Amino acid sequence: MQLSEQEQIRREKLQTLRKLGIEPYPADLYPINAYTADIQQDCAELEPKQSVETGKYSEVNLAGRLMSLRVQGKASFADIQDSKGRIQLYINRDEVCPQEDKTLYNEVFKKLLDIGDFIGVKGFVFRTGMGELTLHVKEFILLSKSLKPLPLPKTDKDGNIYDAFTDPEQRYRQRYVDLVVNPHVKDAFVKRTKLMNTMREYLNEKGYLEVETPILQPLYGGAAARPFKTHHNTLDMTLYLRIANELYLKRLIVGGFEGVYEFSKDFRNEGMSRFHNPEFTQIELYVAYKDYEWMMNLVEEMVEKIAINLHGTTEVKVGEHIINFQRPWKRFTMFEAIEHFTQIDISEMDEAQLRETCQKLNVKIDESMGKGKLIDEIFGEHCEAKLIQPTFITDYPVEMSPLAKKHRSKEGLVERFEAICNGKEICNSFSELNDPIDQRERFQEQLELGKRGDDEAMVLDEDFLRALEYGMPPTAGLGIGIDRLSMIMTNQPSIQDVLFFPQMRPEKKPTLAQEADYVKIGVRAELVPILQKLGYATIEALQSEENINKLFNDVCGTRKKMKLNDVKNPTKEEVEAWLSND
RNA sequence: GAUUUCGUAGCUCAGCUGGUAGAGCAAUACACUUUUAAUGUAUGGGUCCUGGGUUCGAACCCCAGCGAAAUCACCA
């Protein structure tokens with residue numbers, strides 16, 4: 001691998017440090033007694049030019065990454081960044097080097113440290129004449145040397161950011177760098193975890209059990225989606241990565257648990273977009289003896305609580321909108337919503353009339369779509385995006401909800417709701433179908449849809465039906481997309497901003513030849529850097545060079561250019577030998 | 001999967017009509033004891049994404065490929 005000039009310089013510094021008897025990667029632990037953010041908070045009242053003389057902040061031990069270095073002769077300023085924030089350091093030559101020998105300051109600090117290095121510092125807190133809260137350093141130690149330069153955004157006093165590290169590809173591929181140089185990125189992830197913790201606490205308090213169910217499933221089910229397929233060697237059988245855990249959690253309700261939930265990584269083999277990652281997280285919750293009306297109240301309460309825990313208020317800014325999660329949320333039946341946005345009442349229509357309506361409304365349809373799918377398309381096309389404030393949509397057509405219980409009073413519908421927020425579904429819930437005979441028929445209808453060409457139709461799960469036949473109590477079920485909800489709660493426009501490591505195409509690695517590969521065809525090891533410099537990164541590239549004279553001249557010229565005076569030029573016969581293929 | 005846009009130094013980006021590759025930050029050297037986007041002076045740093053083509057000459061025009069983003073389709 002060709003190193004950039006800056007990377008080479010840092011490697012040389014590494015050697016110089018070792019020569020000075022300083023280990024750049026020491027093994028000992030480093031004791032810490034304070035964090036930058038706490039100092040900023042606790043010493044906010046300190047006046048300019050005043051120091052903390054007693055207590056914790058008169059003897060601070062901090063550790064973190066060096067993020068800025070402003071050398072000013074015998075004194076220097078630097079910024080250190082730890083897990084909680086940043087603080088300025090003041091380093092005076094004669095204080096860190098009280099003896100004659102000033103190497104530690106002049107050489108180690110000024111020349112051998114780089115931005116990105118981890119250091120530990122000891123000192124006291126004071127405020128400079130310029131008003132900056134600062135740690136006056138008495139001692140420092142290198143904890144870990146950084147060999148690659150960080151992309152370094154700068155912020156001026158008005159808060160304008162320059163040279164920000166913004167390229168999405170690099171940010172997602174090298175999230176570690178993104179997190180170091182873009183502090184707000186960290187914030188979104190902290191909020192995401194807080195969101196999940198809020199849910200967990202809320203559900204635990206109600207006495208529901210957090211459980212784990214299989215990710216590798218012999219039959220995938222519980223949702224309409226294409227799965228990932230894998231293979232188990234010993235059993236010699238196909239397994240699927242789960243697309244949902246619904247059917248397993250319901251088996252647990254059959255088994256006698258009153259409430260179970262799982263934060264479940266699910267996998268769907270479909271397109272990617274800023275709303276879709278192949279693996280994503282859902283929470284699913286099932287509670288016995290409840291119905292979907294009850295579940296709606298739970299969702300409202302839980303999500304309102306999340307907003308308050310994360311933001312201290314029910315109002316959350318999302319893009320252009322302020323979304324208010326305060327209870328109660330608006331409720332629409334699906335037919336009401338469609339009528340509200342299109343002025344068309346479709347509640348009494350048959351399939352043919354629905355097709356006609358779709359055409360009138362410019363909704364794209366195809367032959368495989370049944371009645372339920374048609375209604376869903378109209379809703380998706382004309383209603384969903386317009387629902388910004390959290391809204392419950394209730395009572396879905398039975399055809400698109402094969403696991404939901406038939407509506408207690410409305411023919412052709414099921415007891416199901418979704419919560420829509422910022423134009424996107426954030427949860428899906430229903431009174432669970434617990435009539436095993438009805439459930440079998442619904443699976444069979446799915447098989448029919450599959451035959452009509454719907455490649456996301458569900459498969460029939462005999463074991464699940466057997467479980468239902470033993471009896472499942474009336475149950476309310478819920479699924480909430482954690483990633484989607486996190487996007488809203490942290491005001492991020494893309495799912496990749498709430499996933500640490502979003503799925504990406506593999507980085508293309510040019511298959512660079514190793515030194516040994518060059519040596520194998522007769523190149524002296526000391527000449528390898530020259531060939532790499534010339535751009536012959538692979539043996540093939542080298543051997544496909546037809547002009548021996550040119551190669552010979554280039555090598556000799558480059559040797560001179562790189563000032564490799566100790567390296568002997570190859571003879572022309574030598575060069576010729578590299579290119580002969582044997 | 002389709003369309004559009006983008007790919008130039010470690011980072012952010014200029015680069016005119018095709019004519020020797022540029023800036024700021026970062027790096028290196030020197031100066032500087034409270035600076036803060038520190039400053040001043042000097043220096044080094046490039047597979048212009050890859051491969052073809054057109055041309056006397058390509059970062060620039062054409063074709064193909066790779067990667068990314070946005071929009072759309074499928075989906076949560």
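Note that the structure is a prediction, hence the values are computed from the model and not measured.
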Interatomic distance, D94(A) CG vs C32(B) C1' [rounded to whole Å]
14 Å
Could you work out the separation of G19(B) and A31(B) based on their P atoms and round it to a whole Å?
44 Å
Quick check: on RNA chain B, is the nucleotide nearest Q496(A) upstream (toward 5') of the one nearest T281(A), or the reverse? Name the residue that is more 5'.
Q496(A)
Atom NZ of K102(A) and atom P of C32(B) are separated, to the nearest Å, by 15 Å
For Y172(A), all residues meeting side chain to side chain donor-acceptor pair (under 3.5 Å), sequence neighbours excluded
D497(A)
Side chains of E262(A) and S264(A): any donor to acceptor distance under 3.5 Å?
no
With sequence neighbours excluded, what pairs up with Q40(A) under the side chain to side chain contact (heavy atoms under 4.5 Å, CB included) test?
I87(A), L133(A)
With sequence neighbours left out, what residues match D163(A) under side chain to side chain contact (heavy atoms under 4.5 Å, CB included)?
none
For G1(B) and U39(B), measure between their P atoms and round to the nearest Å.
49 Å
Toward the 5' end of RNA chain B, which comes first, D114(A) or R70(A), by nearest nucleotide?
D114(A)
Rounded to whole Å, please give me the gap between CZ in F126(A) and P in U35(B).
10 Å
Can you check nucleotides 9-12 of chain B for protein contacts, nitrogen or oxygen pairs under 3.5 Å, and list what you find?
| unit_1 | atom_1 | unit_2 | atom_2 | d |
| --- | --- | --- | --- | --- |
| G10(B) | N7 | Q6(A) | NE2 | 3.4 |

Separation between the C1' atoms of C25(B) and G44(B), rounded to whole Å:
16 Å
When we call it a touch if two heavy atoms are under 4.0 Å apart, what does R93(A) touch: a base, just sugar-phosphate, or nothing?
nothing
Say you pick atom P in G18(B) and the same atom in A59(B); how far apart are they, in whole Å?
13 Å
A14(B) and G52(B), which share atom name C1', separated by this distance in whole Å:
28 Å
Using the salt bridge (Lys or Arg N to Asp or Glu O under 4.0 Å) criterion, which residues pair with D376(A)? Sequence neighbours excluded.
none
Applying salt bridge (Lys or Arg N to Asp or Glu O under 4.0 Å) to R192(A) and not counting sequence neighbours gives D483(A)
P spacing across the pair C49(B) / A58(B), given as an integer number of angstrom:
15 Å
Over how many whole Å does the gap from L112(A) atom CG to A27(B) atom P extend?
14 Å
